Protein chains: 2
Amino acid sequence: MVCDTYHVSQKIRQPLASLYNSKSSPSFIATFPARTSSYRPLSAATISCSSFTWDDVVRVSQPDYLPDDSSDLRGYFEKIKICNRGSQKQSDFFPFIVEDQIVGYVHNGFANQLRGFRDVFVHSENNGSGYGSYMTLNSKLRTPDERTRAVGEVIKCLGEEELIPGIRNELYPVSSSFGAPIFFSLERAAAPYFGIKVYGVQMNGYVERNGQKFLWIGKRSQVKPTYPGMLDQLVAGGLPHGIACGKNLIKECEEEAGIPTSLSSGAIAVGAVSYMDIDGYSYKRDVLFCYDLKLPEDFVPQNQDGEVEGFQLIPVTQVANVIRRTKLFKPNCSLVIIDFLFRHGYIRPEFFGYLDLLQSLKSGDCS
Amino acid sequence: MVCDTYHVSQKIRQPLASLYNSKSSPSFIATFPARTSSYRPLSAATISCSSFTWDDVVRVSQPDYLPDDSSDLRGYFEKIKICNRGSQKQSDFFPFIVEDQIVGYVHNGFANQLRGFRDVFVHSENNGSGYGSYMTLNSKLRTPDERTRAVGEVIKCLGEEELIPGIRNELYPVSSSFGAPIFFSLERAAAPYFGIKVYGVQMNGYVERNGQKFLWIGKRSQVKPTYPGMLDQLVAGGLPHGIACGKNLIKECEEEAGIPTSLSSGAIAVGAVSYMDIDGYSYKRDVLFCYDLKLPEDFVPQNQDGEVEGFQLIPVTQVANVIRRTKLFKPNCSLVIIDFLFRHGYIRPEFFGYLDLLQSLKSGDCS
């Protein structure tokens with residue numbers, strides 16, 4: 001997977017100027033030494049997602065790395081688009097219905113894979129029900145436990161045949177909307193094949209120093225199965241069955257960044273973003289609950305579970321440049337950071353496209 | 001206009017307990033003396049919008065005034081509903097089109113009032129244009145200035161006949177979306193009759209003291225033509241033609257609350273809310289740009305333009321109670337305060353209906 005940076009090769013690149021004031025930013029200096037020489041261009045040809053370094057990130061984040069305009073929102077719109085592909089292919093999917101509620105969407109082709117499991121999945125042709133053609137569960141499966149077990153067996157088979165890769169043995173709740181009754185639970189890796197909504201928590205950890213805000217950014221481990229080596233929030237995680245958002249966040253804070261409960265309990269819920277992404281048989285409908293945590297200046301995150309290669313503290317204005325100019329972030333992190341940029345006044349009504357960008361942060365079914 | 005409070009008369013009211021810690025909240029104490037006696041019940045029978053006092057507001061805001069639950073979002077949903085009436089009556093309106101763009105909606109009945117002004121307004125019957133029946137401007141009116149002048153003459157006539165009451169001699173821009181080309185400008189009082197989108201700025205001014213947040217709340221003057229005596233944001237104003245959001249906010253900060261530029265320039269844009277409200281011939285499509293301003297503890301707002309009766313500093317948790325429990329706020333202020341409650345963590349994903357309420361803050365066309 002190659003993550004080329006936008007526009008970089010077409011535009012004039014300038015040597016780095018030192019942005020870092022050692023008087024006001026001592027710990028930032030510690031992680032990002034000022035570079036005024038040894039300039040190395042960053043371009044689509046030289047950077048892949050798994051090979052870029054923090055130095056590359058800092059370089060491309062500099063205000064004068066490109067002669068672009070921070071009020072130009074197009075780079076953000078491009079990142080929103082990457083999370084919301086394939087809307088024109090919605091007609092290749094039909095509803096997955098449980099107890100008269102739409103809980104997901106299944107691709108025609110994937111439905112064919114399920115035909116061999118008639119004790120579990122039933123494909124109802126258009127019978128005037130109002131839904132047209134739809135997929136449902138066999139009516140013999142009455143309780144959430146029965147459904148979870150039966151569907152789990154099917155997923156196991158499909159996993160062994162590599163029709164559903166990357167089985168994680170982690171169950172996600174299946175419902176029509178957040179907080180509604182849970183009809184059954186489904187293996188996380190199977191969620192996009194059934195188009196069920198998946199909920200997660202993502203936290204921006206920030207530091208304020210002399211009125212300037214900095215974000216702690218993570219870089220994913222090279223051995224992560226998804227998006228290895230890419231940039232990430234300080235803390236993020238899916239919301240498995242049976243755990244509340246706030247509790248899950250505190251757990252993830254500890255595991256991913258070594259943030260003790262005494263600090264993570266100060267995280268505040270600030271809203272949500274959503275997206276819908278169709279790619280082949282996969283229909284992702286993700287809703288991410290966003291949190292902010294203002295951290296003490298002297299706190300340094302330490303990954304505990306081996307999933308993060310390292311963290312760096314970067315001025316918010318420069319994180320914004322990385323989002324606008326590159327694809328170095330795991331795609332859905334862009335939404336959560338753009339949401340932060342809105343709420344903290346970095347994106348302003350005077351910037352052309354303000355309201356459209358704001359709305360695009362909830363392009364998926366945010367319910 | 002009578003503003004009854006919700007549920008109050010049906011539930012047990014408890015005597016006030018003193019919430020105010022004079023050690024931690026000296027200026028709050030100065031404006032709200034603690035009341036532990038002289039309890040006077042507040043009910044639909046005793047309170048109208050124009051007659052309630054700050055003491056009434058404080059009383060109903062107390063945690064123990066009602067045995068309700070701050071995680072119950074129904075009181076907030078009710079306030080959203082008040083701003084979004086009449087959606088089932090959309091079919092009584094047809095599009096108002098300028099230069100092939102929908103800029104508004106006009107009621108059948110109001111369109112009849114415009115029939116006498118054929119040099120200005122043209123009613124096109126369903127002619128296969130794709131819009132069905134629609135209202136447009138006479139094609140002889142080519143420039144924004146020509147349109148503004150001609151439409152202005154019509155509005156003047158309709159104002160004299162009291163078909164459009166409350167003419168303000170304030171022009172609002174007419175466009176298909178924010179930042180798009182402006183086709184002409186329209187008298188503010190006429191905006192809902194043409195269903196054009198109207199943009200405004202609203203600012204929550206808050207103070208943080210020992211980790212607790214307080215909101216400065218205004219009470220509108222009794223002589224305001226709209227919503228006299230009701231509660232309001234610290235600062236709010238419509239966005240007239242030709243002024244940017246940030247500049248307009250700074251102007252309103254000075255006029256409405258005596259906030260000097262040295263402070264108001266610290267206001268940050270934090271997003272937007274929208275609503276659509278149909279009432280008779282009126283179709284309001286408002287988009288409010290929201291701002292937060294963190295004020296110094298010792299700053300006390302002073303109204304300059306006579307439009308505000310007074311200000312009080314109230315703990316955010318208690319402002320939330322006033323929103324949930326009463327109709328004492330000017331309706332659209334509820335949206336802006338609920339948005340604040342989301343962004344500052346007072347409304348959390350664990351509360352049933354979180355995502356629905358979050359989405360409902362943009363029930364109108366937010367573009």
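Everything numeric in this text was worked out from a predicted model, so none of it was measured. Letters A, B, ... mirror the listed sequences (proteins, then strands); counts begin at 1.
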Task: Exceeds 12 heavy-atom contacts within 6.0 angstrom, atom CZ of B/Arg348 - done: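 It does not: B/Arg348 CZ has 12 such atoms or fewer within range.
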Task: Contact class of B/Val201 relative to chain A, heavy atoms under 4.5 angstrom - done: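 Neither part.
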- [ ] Let me know if B/Tyr346 has heavy atoms under 4.5 Å from chain A in its side chain, its backbone, both or neither.
- [x]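 The answer is neither part of B/Tyr346.
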TODO: Select, from B/Ala272, B/Ala244, B/Gly179, B/Gly271, the one with the greatest count of heavy-atom pairs under 4.5 Å involving chain A.
DONE: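 With the most close heavy-atom pairs to chain A, the winner is B/Gly271.
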- [ ] For chain A, find which of B/Ser367, B/Cys290, B/Ala269, B/Gly345 contributes the most heavy-atom pairs closer than 4.5 angstrom.
- [x]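 Among the listed options, the one with the most contacts to chain A is B/Ala269.
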Open item on the list: Parallel, tilted or perpendicular: which one describes the rings of B/Phe93 and B/Tyr283, with boundaries at 30° and 60°?
Closed with: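 Correct class here is perpendicular.
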Open item on the list: Given 3.5 Å as the limit, does a donor-acceptor pair link the side chain of B/Asn248 with the main chain of B/Gly238, or not?
Closed with: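 Yes, because the side chain of B/Asn248 sits within donor-acceptor range (under 3.5 Å) of the backbone of B/Gly238.
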Open item on the list: Determine whether the aromatic ring centres of residues B/Tyr199 and B/Tyr172 are separated by less than 6.0 angstrom.
Closed with: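 Here the rings of B/Tyr199 and B/Tyr172 have centres that are no less than 6.0 Å from each other.
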- [ ] Take A/Lys197 and A/Ser274, measure what side chain to side chain donor-acceptor pair (under 3.5 Å) needs, and give me the verdict at the end.
- [x] CA-CA 10 Å; A/Lys197 264 184 287 181; A/Ser274 65; over 6 Å; no
Task: Greatest number of heavy atom pairs closer than 4.5 Å to chain B - which of A/Phe289, A/Phe352, A/Tyr291 - done: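 Among the listed options, the one with the most contacts to chain B is A/Phe289.
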